[in-house]
Amino acid sequence: MAQYDVIVIGAGPGGYVAAIRCAQLGLKTACVEGRETLGGTCLNVGCIPSKALLHATHQLHEAEHNFATMGLKGKSPSVDWPTMQEYKQSVVDGNTKGIEFLFKKNKIDWLKGWGSIPEAGKVKVGDEVHEAKNIIVASGSVPSSLPGLTIDNEAGVIVDSTGALSLPKIPKKMIVVGAGVIGLEMGSVYARLGAEVTVVEFLDTITPGMDGEVQKNLQKMLKKQGMNFILGAAVQGAEATKTKAKLTYKLKKDDSEHTLDADVVLVATGRRAFTDGLGLKELGVEMTERGVVKTDAHWATSVKGVYAIGDAVAGPMLAHKAEDEGMAVAEVIAGKAGHVNYDVIPGVIYTHPEVASVGTTEEQLKEEGRAYKVGKFSFMGNARAKAVFSGDGFVKLIVDKETDRVLGAHIIGPAAGDLIHEVCVTMEYGGSAEDLALTCHAHPTFSEAVREAALACGDGPIHM
Ligand SMILES: Cc1cc2nc3c(=O)[nH]c(=O)nc-3n(C[C@H](O)[C@H](O)[C@H](O)COP(=O)(O)OP(=O)(O)OC[C@H]3O[C@@H](n4cnc5c(N)ncnc54)[C@H](O)[C@@H]3O)c2cc1C
C-alpha cells in the first residue's frame, strides 16, 4: 500500500494543476485518472479540441471572405473533414502528452483507473488501496441533457458536445439546443463549414448573464454569418431516425408548437458535476442543493482531509477557475495562504468576433442601485482592427462613478479573450480607468481600444 501526502482524483485542469503545485511544494503526490489520457474534459473533449476546430474553420472563413480583398486570389480551400479531425486530434495528443511529461518531471504518480474513497485517508483504485493524508476531489463534470432528448454520440444524430467534436461528417442542417458558450462555439464551427445552423434557446436572449449590449451585438453578428436563432422556445423533445432528427418546441409567447428537421441535434444545455462512483455519500460528504460538492472558503468538504475543486464544486464551470482552485488548495494543504478572487474570473466565447467579460454588468449595478460610469470605444476607431476586417464590436469599461475604480469590462471584437486580461490585472490591483488610460499602449494594437474605453471614462477618447 503506497502512502502519499496528497492524492488528487481527476486529472483535468483542476486536478492536474493541484497535483503539480502539491509536488512543487514538496508534498508526495499521486493523481488518479480513469480516462486513457490526462487533461480531463478540457484537453480531451472541451476547450482544446473545440478551439482547434474554431481555428481551422476561422481560417476557412478568412480564405472565403477576405483573401481576395487583400490580393490573395485563387481557388478557396476545400474542406477535408477527416484531415481536420486528425489535426484536432494531434492538438489534443500534444497537450495531453504534455501533462504526462509534467507529471514525470514533478515525480507525480499517475494511478490509472477509476478511484473511490472508501474512508477518509484512503483511495481505492482497482483492487489497490492507497493511503493519503489529504484527498482532493477534482472529478469534473459531464454534459447534461433535457427530458425528451436522448443523447447517442455513437449514432451521431442527437449528440452532446463530445459527439459534436467528432461527427462522422459535416451535417447539412444542424440544430443547437442552448445558446450558451459551447452551443455558440460549436454552432459557428459548423456554420463556417457550410451547415445551416439553427440555435433554439429557452430564454429570450443568447449567452444568459452576459452584458445585454454584448448579447444583442453577438447575436446580430452571428446572424450575419448565417446562424439562425429561435429564442423563447421550450424544447419538448426530439425523435431520431438513423440519419435525421425532428425536434419539437413550443414558443413561450403563445404556446404554439413547432417542429424542425435536421441531420444533427447538438444538445448544449449545460453540464452537471460528476461525482459518480466516488462513494462521497457513504463517506458523509455534504452536497449542495444544486448537486455539487459543498466546500468552505478553503475547498474543505464536510469530511476532514477531503477537499474538492473545479467543476465538481460551485462556481463557473471554467478551466481557469478550476486551475486557480487547484493551485490555491495545494497551497492551503501545504500550510500556505491559498486564495482565489472570484470577482475577477474572466469568461470568453471563442466565436468570431470573440467575446470576453469580467466583473459586473450594467444590469447588475442597476439592480444594486450603485452609481457607475461607462466608457465605450468601438473597434471601428482602432486602426489595427480595421486593417484585419475586425472593426465590428467594442470595448465597454464599467467604473465606479465616484472613485473611477474599474468594476468590470465587456469586450466584443478581435482578440477580446486576450485583451480582457489587462482589465483583470487592473481590477486585481484595485486600479482605476485613469490608471489604464495613463498606461502607454503600443500602436497599432487591438489593446489601444481598451485604453480608449478608459479615456472615455474621463475626458474622452481620441479616435472617436
Ligand atoms: C466543448 C467544451 C468546450 C469548453 N471550452 C472551454 C473554454 O474554452 N474555456 C474554459 O475555461 N472552459 C471550457 N470548457 C469547460 C472546461 O472544460 C471545464 O470547466 C474544465 O475541464 C473543468 O476542469 P475540472 O478539472 O474541474 O474537471 P474535468 O476537466 O472534467 O476533469 C475531471 C477528470 O476527472 C476524471 N474522473 C472523474 N471521476 C473520477 C474517478 N472517480 N476516478 C478517476 N478519475 C475520475 C475524469 O475522467 C476527468 O478526466 C469547455 C467544456 C466543453 C465541454
Side-chain angles (χ1 to χ4, degrees), residues 7-20 30-55 88 92 95-96 99 110-118 123-126 130 135-144 153 159-166 176 178 180-187 189 266-280 292-293 299 308-327 329 345-351 354-356 417 420:
I7 295 183
V8 184
I9 303 181
Y16 83 71
V17 167
I20 291 172
C31 184
V32 191
E33 175 54 62
R35 238 181 248 274
E36 295 293 309
T37 49
L38 301 173
T41 302
C42 173
L43 267 55
N44 289 282
V45 289
C47 323
I48 298 306
S50 60
K51 268 76 240 177
L53 291 181
L54 280 157
H55 174 69
K88 179 204 74 182
V92 168
N95 280 282
T96 56
I99 308 302
W110 174 6
L111 307 176
K112 294 186 184 178
W114 298 98
S116 60
I117 314 174
V123 173
K124 189 165 183 253
V125 186
H130 306 267
I135 297 167
I136 304 173
V137 174
S139 52
S141 63
V142 288
S144 58
N153 287 334
V159 298
D160 59 23
S161 58
T162 303
L165 288 165
S166 303
V176 177
V181 179
I182 293 174
L184 295 184
E185 287 185 358
M186 292 312 297
V189 162
L266 160 59
V267 183
T269 49
R271 299 178 62 79
R272 65 169 178 85
F274 177 74
T275 53
D276 302 3
L278 284 167
L280 296 186
V292 301
V293 181
W299 306 280
I309 57 165
D311 280 8
V313 305
M317 287 185 164
L318 292 169
H320 43 282
K321 175 260 192 188
E323 288 184 46
D324 276 24
E325 289 177 341
M327 280 191 278
V329 75
I345 294 187
V348 179
I349 310 177
Y350 298 85
T351 46
E354 282 183 2
V355 173
I420 199 72

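Counting starts at 1 for both ligands and their atoms, following the listed order.
- Remark: Ser141 pairs with Arg271, Asp311 by the side-chain hydrogen bond (donor to acceptor under 3.5 Å, both in side chains) rule, at least two apart or across chains.
- Residue-ligand proximity, Gly140 to ligand 1, at heavy-atom distances under 4.0 Å covers atoms 26 (O), 27 (O), 28 (P), 30 (O), 32 (C).
- Annotation for ligand 1: atoms under 4.0 Å from non-hydrogen atoms of Cys42 are 17 (O), 21 (O), 29 (O).
- At under 3.5 Å, a nitrogen or oxygen of Glu33, whether backbone or side chain, sits near a nitrogen or oxygen of ligand 1.
- Residue Ala319 places at least one N or O, backbone or side chain, under 3.5 Å from an N or O of ligand 1.
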| said: For a side chain to side chain contact (heavy atoms under 4.5 Å, CB included) check, start with the C-alpha distance between Val92 and Asn44, then their side-chain angles and the critical distance, and finish with the verdict. | reply: CA-CA 6 Å; Val92 168; Asn44 289 282; 4.2 Å; yes
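- Using a 4.0 Å heavy-atom cutoff, Arg271 is listed among the residues neighbouring ligand 1.
- Across Leu165, Asn95, Thr96, a single residue satisfies side chain to side chain contact (heavy atoms under 4.5 Å, CB included) together with Ile48, and that is Asn95.
- Of all the heavy atoms of Thr275, none lies under 4.0 Å from any atom of ligand 1, so neither backbone nor side chain is involved.
- Using a 4.5 Å heavy-atom cutoff, the side chains of Met186 and Val176 are not in contact.
- Side-chain atoms of Asp160 come within 3.5 Å of backbone N or O of Gly163 as a donor-acceptor pair.
- Contact annotation: for Leu278 versus ligand 1, heavy atoms closer than 4.0 Å belong to the side chain alone.
- For atom 4 (C) of ligand 1, the nearest non-hydrogen atom from the set Gly115, Gly40, Gly10, Cys47 belongs to Cys47.
- Short contacts between ligand 1 and Leu318, defined as distances under 4.0 Å to a heavy atom of the residue, involve ligand atoms 10 (C), 11 (O), 12 (N), 19 (O).
- For ligand 1, the atoms closer than 4.0 angstrom to any heavy atom of Ile182 are 1 (C), 2 (C), 51 (C), 52 (C), 53 (C).
- Within the 4.0 Å heavy-atom cutoff, Gly277 does not count among the residues contacting ligand 1.
- Close approach of ligand 1 to Ser141 is summarised as follows: ligand atoms under 4.0 Å from at least one heavy atom of the residue are 30 (O).
- Here the heavy atom of the protein found nearest to atom 30 (O) of ligand 1 is Thr41 OG1, 2.6 Å.
- Residue contacts with ligand 1 do not include Thr162, since none of its heavy atoms lies under 4.0 Å from the ligand.
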| Could you go step by step and tell me if Val123 and Leu111 meet the side chain to side chain contact (heavy atoms under 4.5 Å, CB included) rule? | CA-CA 10 Å; Val123 173; Leu111 307 176; 5.6 Å; no
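- Looking at every heavy atom in both residues, Cys31 comes nearest to Ala11 through SG-CB, 3.7 Å.
- Ligand 1 has no N or O atom lying under 3.5 Å from any N or O atom of Tyr350, backbone or side chain.
- By the criterion of a heavy-atom distance under 4.0 Å, both the backbone and the side chain of Ser139 are placed next to ligand 1.
- Within the 4.0 Å heavy-atom criterion, the part of Ala138 lying near ligand 1 is the backbone and not the side chain.
- The shortest separation from a heavy atom of Ser116 to ligand 1 is not under 4.0 Å, leaving the residue out of contact.
- For ligand 1, the polar-atom distance check against Arg35 finds a nitrogen or oxygen pair separated by under 3.5 Å.
- Near Gly310, with a cut-off below 4.0 Å to any heavy atom, the atoms of ligand 1 are 26 (O).
- For Thr269 (side chain) and Ser144 (main-chain N/O), a donor-acceptor pair under 3.5 Å exists by modelled atom type.
- Shown here for Ala273 and Val292, the closest heavy-atom pair between the two residues is CB-CG1, 3.8 Å.
- Compare Ala322, Gly12, Pro13 by their heavy atoms: the one nearest to atom 20 (C) of ligand 1 is in Pro13.
- Residue Ala312 has no nitrogen or oxygen atom sitting less than 3.5 Å from a nitrogen or oxygen atom of ligand 1, judged on distance alone.
- Here the CD1-CD1 distance, from Ile9 to Ile117, works out to 4.0 Å after rounding to the nearest 0.5 Å.
- Nearest protein neighbour of atom 3 (C) of ligand 1, counting heavy atoms only, is Gly46 C, 3.3 Å.
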| field | side chain to side chain contact (heavy atoms under 4.5 Å, CB included) between Ile99 and Glu33, worked out | value | CA-CA 12 Å; Ile99 308 302; Glu33 175 54 62; over 6 Å; no
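- For Glu185, no nitrogen or oxygen atom sits less than 3.5 Å from a nitrogen or oxygen atom of ligand 1, counting backbone and side chain alike.
- Residue contacts with ligand 1: Gly14 is placed with a nitrogen or oxygen under 3.5 Å of a nitrogen or oxygen of the ligand (distance criterion only).
- Taken from CG in Leu53 to OH in Tyr350, the straight-line distance is 15.0 Å, to the nearest 0.5 Å.
- Under the salt bridge (Lys or Arg N to Asp or Glu O under 4.0 Å) criterion, Glu325 pairs with Lys321, sequence neighbours left out.
- When each atom of ligand 1 is checked for a heavy atom of Met317 under 4.0 Å away, the hits are 15 (C), 19 (O).
- Closest approach of Ala322 to Gly310, counting heavy atoms only: CB-CA, 3.7 Å.
- The shortest N or O to N or O distance between Gly39 and ligand 1 is not below 3.5 Å.
- The shortest N/O to N/O separation between His320 and ligand 1 falls below 3.5 Å.
- Which parts of ligand 1 touch Phe274 is read off a 4.0 Å heavy-atom cut-off, strictly below it: atoms 37 (C), 38 (N).
- Rounded to the nearest 0.5 angstrom, Ile135 CD1 and His130 NE2 are separated by 11.5 Å.
- Among Cys42, Pro346, Cys47, the one residue that satisfies the side chain to side chain contact (heavy atoms under 4.5 Å, CB included) test with His320 is Pro346.
- Residue contacts with ligand 1: Met186 is excluded, as none of its non-hydrogen atoms falls under 4.0 Å.
- Between Gly115 and Val32 the shortest heavy-atom distance is N-CG1, 3.8 Å.
- At least one N or O atom of Gly34, backbone or side chain, sits closer than 3.5 Å to an N or O atom of ligand 1.
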